[in-house]
Amino acid sequence: MRIKADSDLCVGSGQCVLTEPAVFAQDDDGIVALLTDHPDDQSARQAHHAVTLCPSRALSILQE
């Protein structure tokens with residue numbers, strides 16, 4: 001699984017960071033920043049949940 005973040009769509013709600021801080025962060029403007037785009041098994045479930053919570057749909061999951 002690979003996470004993709006589109007910073008142009010991000011509105012800075014921070015739901016991703018609150019849901020899985022091991023994978024997601026925010027830059028100085030509040031825009032999503034990925035700490036990793038390949039979460040380990042422990043973080044993958046929460047990262048997937050964070051993708052579903054994103055209000056602007058700036059996050060997506062790509063299956064490899």
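Hydrogens, waters and symmetry mates play no part in the numbers below; they use all other heavy atoms, side chains included. Residue indices begin at 1 and follow the sequence shown. Fair warning: this is a prediction, and the values are worked out from it, not measured in the lab.
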- Taking it one step at a time, do Leu34 and Phe24 satisfy side-chain contact (heavy atoms from CB on, under 4.5 Å)? CA-CA 5 Å; Leu34 293 176; Phe24 304 100; 3.6 Å; yes

- Task: Evaluate the side-chain contact (heavy atoms from CB on, under 4.5 Å) criterion for residues Val51 and His48: first the C-alpha distance (whole Å), next the side-chain angles of each, then the deciding distance (0.1 Å), finally the verdict.
- Result: CA-CA 5 Å; Val51 169; His48 187 276; 5.7 Å; no

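Between the OG atom of Ser60 and the NZ atom of Lys4 there is a distance of 5.5 Å, given to the nearest 0.5 Å. Distance check, rounded to the nearest 0.5 Å: CD1 of Ile31 to OG of Ser7 gives 7.0 Å. Atom CD1 of Ile3 sits about 4.5 Å away from atom CD1 of Ile61, to the nearest 0.5 Å. Here CE of Met1 is found 10.0 Å from CG of Asp37. Values are rounded to the nearest 0.5 Å. Considering SG of Cys10 and CZ of Arg57, their distance stands at 13.0 Å, rounded to 0.5 Å.
Between the side chain of Ser56 and the backbone N or O of Leu9 there is at least one donor-acceptor pair closer than 3.5 Å. In this structure, Arg45 contributes its side chain and Gln42 its backbone to no donor-acceptor pair below 3.5 Å. At distances below 3.5 Å, at least one donor-acceptor pair connects side-chain atoms of Thr19 with backbone N or O atoms of Gln15. Listed for the Asp6 side chain is a donor-acceptor partner under 3.5 Å among the backbone atoms of Asp8.
Minimum heavy-atom separation, Ala50 to Cys16: CB-CA, 3.9 Å. Closest non-hydrogen pair, Val23 versus Ala47, comes out as CG2-CB, 4.2 Å. When all heavy atoms are compared, the tightest approach of Ala25 to Leu35 is CB-CD2, 3.9 Å.
Following chains of ILVMFWY side-chain contacts shorter than 4.5 Å, one cannot reach Leu53 starting from Leu18, and the two form parts of different hydrophobic clusters.
With a 6.0 Å radius and a threshold of 12 heavy atoms from other residues, nucleotides or ligands, Asp40 has its CG atom above the threshold.
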